[in-house]
There are 2 protein chains.
Amino acid sequence: MVQQMEQMYEGKAKIVYKTDDPNLLIQHFKDSATAFDGKKKGEIKEKGVANAAIAATLFGVLEAAGIKTHFHEMLNDRDMLIDNLKMIQLEAVARNIAAGSLAKRLGYEEGVVLKKPVVEFYYKRDDLGDPIITCQHVQELGLVNEDEFKTIRDLSFKVNDVLGRFFNERGLDLIDMKLEFGWDKDGQLVLGDEISPDTCRFWDTATGEKLDKDRFRRDLGGVEEAYVEVLRRVTA
Amino acid sequence: MVQQMEQMYEGKAKIVYKTDDPNLLIQHFKDSATAFDGKKKGEIKEKGVANAAIAATLFGVLEAAGIKTHFHEMLNDRDMLIDNLKMIQLEAVARNIAAGSLAKRLGYEEGVVLKKPVVEFYYKRDDLGDPIITCQHVQELGLVNEDEFKTIRDLSFKVNDVLGRFFNERGLDLIDMKLEFGWDKDGQLVLGDEISPDTCRFWDTATGEKLDKDRFRRDLGGVEEAYVEVLRRVTA
C-alpha cells in the first residue's frame, strides 16, 4: 500500500500528492469548479466522487482498447493512484460537434456536426489564457517534436473514437473532450489527467440535454444531477 | 488600355474595381488606415502612393524568383492592374521574429528570434475577428483541401525567404508578413493583395527602429516618414 506524501500541485478541480514510490502519485478529485479562466468559481456537490468514478471507468475502457493511461486504481472514492508522468504542456481537444470555442472560431451554430473529428492543441499556460497553437508553435516552444506531435494527435483521435462509441452505446453524444498526455518512466506516451463532465461535453442523444460542465458555466441548473447521470450511464 | 468599371469591393486600405476585361481588376491604394479590428482609424498622408510602389516592386522581385503574383502594372501612382483572382478566405502570416499576436500567444518578448520561420493561418472573417485556424479547421470550412493548404504554406515560406533576403540587403529585418492568395482563371495559385508596411513588420537592422504600421497602431509618430523610408530602401 503506497503512502501519501506531500502535496505536489493543486489545480482547479484536483490535488496531486506524491507518494513513497517516486513512480506513483495520488490524484484527489475535489468538488470545486471553475470556468472562464477561473473568473467563475463554485462547488458542485459530490462532483469529485462522480468524476473520479467516471474517469476510472473510462481509463479502463481505454486500457482495454490498448491505449496506455496513467490509471492504477481507486484508493477510495476521491483518490486515484496514477503514474508519475512528465506531463506535456499541451491540452489536446478532440471535437465531433461544434460547441464552445470552436463554434465561435468558425462562426458555426452550436450543434453543427463536423465533417470529421478535429483535434486542436492548446498551450497549457493559465497566464496566457491557454491559447490555441499549431504544430509549428509547439516545435518553436520545444514542447514536443513533430513526430511526437503527430503521435499525440493520432492517439487523441483514437481516444475520441473509442470513447465516442462507448458513449453512443449509452445514449450520450460525445461533443468534445480535452486530453492531457505525459511521458512515463520508460519514455512511453501515456494519457493522464481525467476524462469527465469537467473535461468533456456530453449531450443526451435522445433529448439533446447537456450533461456536462456547461450546466455550471451557463447556470442551467441540475448540475449535480448531470454528473450523477453521466456516472450512472458510464457504469451501467 | 483597360477601362475602369464599377467598384467591386472597398476594404480598409484599398478599393477594387472591375474593368472591361473580366480577368483583370484595378486595385486602388487609399491613405486610410485602421488597426485593432477597425477600432482605431486614421489617415496616413501619401500612404497609398508609397504602398502601391512598394507592393509593385516586391511583386516584381517575387516574379523574378518564379513566384506567381497578381501584379500586371501600375496605371498611375495609386492604381494597380491585377489579375481577377478567386481569393481564398485565408490570411497566411509568415513570421521570423516574435511580435504582435505571436508574442502574446507564446508568451515571448517582442524581438525574440524564432528558431525557424513559422507560417500561421487566419480565417478572413471580420465578423469573427479573423481567428487563427489550423489545417483541420481549413478543411472543415472547405476553404482549400489538405494538399492545397500545404502548397499555400510552402509558397508562404518561399515568399518569406525571398523577401527576407531582399530586405536584409536593404538594412531591414522582415519581422512578419501577411499574405493572401487566390486562384487565377487557369486554376493556378497566385499571390494577391499587397505587400507593404501595412501588411508586414519591418525593423531597421542597425537601430531596431520600427518602420511599419506599428508606428500608427502604437502612436509612435513618424508614420508617414516610415512608409517613405521603406519605399526609399525598397526602390534603392
Side-chain angles (χ1 to χ4, degrees), chain A residues 37 89-146 149-150 152-154 156-157 160 175-177, chain B residues 37 89-146 149-150 152-154 156-157 160 175-177:
Chain A
D37 291 331
Q89 210 178 342
L90 280 175
E91 296 182 349
V93 177
R95 299 177 176 276
N96 302 297
I97 291 181
S101 70
L102 179 128
K104 204 173 152 191
R105 186 178 310 279
L106 303 190
Y108 278 20
E109 291 290 323
E110 187 176 80
V112 171
V113 179
L114 303 182
K115 289 174 193 159
K116 54 183 189 180
V118 161
V119 172
E120 300 171 337
F121 289 88
Y122 294 83
Y123 185 23
K124 210 168 146 59
R125 277 279 297 267
D126 274 345
D127 61 326
L128 301 177
D130 296 333
I132 192 167
I133 56 177
T134 68
C135 180
Q136 287 179 42
H137 294 136
V138 168
Q139 289 169 78
E140 167 60 34
L141 291 165
L143 302 181
V144 293
N145 67 35
E146 189 172 350
F149 180 88
K150 287 178 181 167
I152 295 169
R153 188 189 59 194
D154 292 347
S156 302
F157 277 120
N160 180 58
I175 308 307
D176 49 39
M177 173 173 54
Chain B
D37 291 331
Q89 210 176 343
L90 281 174
E91 296 183 349
V93 177
R95 298 177 178 275
N96 302 295
I97 292 181
S101 70
L102 178 127
K104 203 173 152 191
R105 185 177 310 279
L106 304 190
Y108 278 19
E109 290 291 321
E110 186 175 82
V112 171
V113 179
L114 303 182
K115 290 175 192 158
K116 54 184 190 179
V118 162
V119 172
E120 300 171 336
F121 288 88
Y122 294 84
Y123 185 22
K124 211 170 144 58
R125 278 279 298 266
D126 274 345
D127 61 328
L128 302 176
D130 296 333
I132 192 167
I133 56 176
T134 68
C135 180
Q136 287 180 43
H137 293 137
V138 168
Q139 288 169 77
E140 168 60 36
L141 291 165
L143 302 181
V144 293
N145 67 33
E146 190 171 351
F149 180 87
K150 287 178 180 167
I152 295 170
R153 189 189 57 193
D154 293 347
S156 301
F157 277 120
N160 180 58
I175 308 307
D176 49 38
M177 172 172 57

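All values below come from the heavy atoms of this structure, side chains included, with hydrogens, waters and symmetry mates left out. In what follows, every chain begins at residue 1, and chains take the letters A, B, ... in the order their sequences are listed.
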(message) Taking side chain as everything from C-beta outward and backbone as N, CA, C, O, which of these in A:Glu120 sits under 4.5 Å from a heavy atom of chain B? Side chain, backbone, both or neither.
(response) side chain
(request) Check whether A:Leu141 gets within reach of chain B through its side chain, its backbone, both or neither, counting any heavy atom under 4.5 Å. (result) both
(message) Considering only residues two or more places apart or on different chains, which pairs with a residue in residues 132-143 of chain A satisfy salt bridge (charged side-chain N to carboxylate O under 4.0 Å, His left out)?
(response) none
(message) If the condition is salt bridge (Lys or Arg N to Asp or Glu O under 4.0 Å), which residues does B:Asp126 pass it with, not counting sequence neighbours?
(response) B:Lys12
(message) Can you confirm whether B:Arg105 sits close enough to A:Ile132 that some side-chain heavy atom of one is under 4.5 Å from a side-chain heavy atom of the other?
(response) yes
(message) Heavy-atom pairs under 4.5 Å with chain B: which of A:Lys104, A:Gln139, A:Gln136 has the most?
(response) A:Gln136
(request) Quick one: which of A:Val119, A:Thr134, A:Leu106 has the most heavy-atom pairs under 4.5 Å with chain B, could you say? (result) A:Leu106
(request) Select all residues of residues 89-102 of chain B having any heavy atom within less than 4.5 Å of some heavy atom of chain A, and report them by number, or 'none'. (result) B:Leu102
(request) For each of B:Pro131, B:Pro117, B:Gly129, tally heavy-atom pairs with chain A at distances under 4.5 Å, and name the one with the top tally. (result) B:Pro131
(request) With a 4.5 Å heavy-atom cut-off (strictly below), which parts of residues 107-116 of chain A touch chain B? List them by number. (result) A:Gly107, A:Tyr108, A:Leu114, A:Lys115, A:Lys116
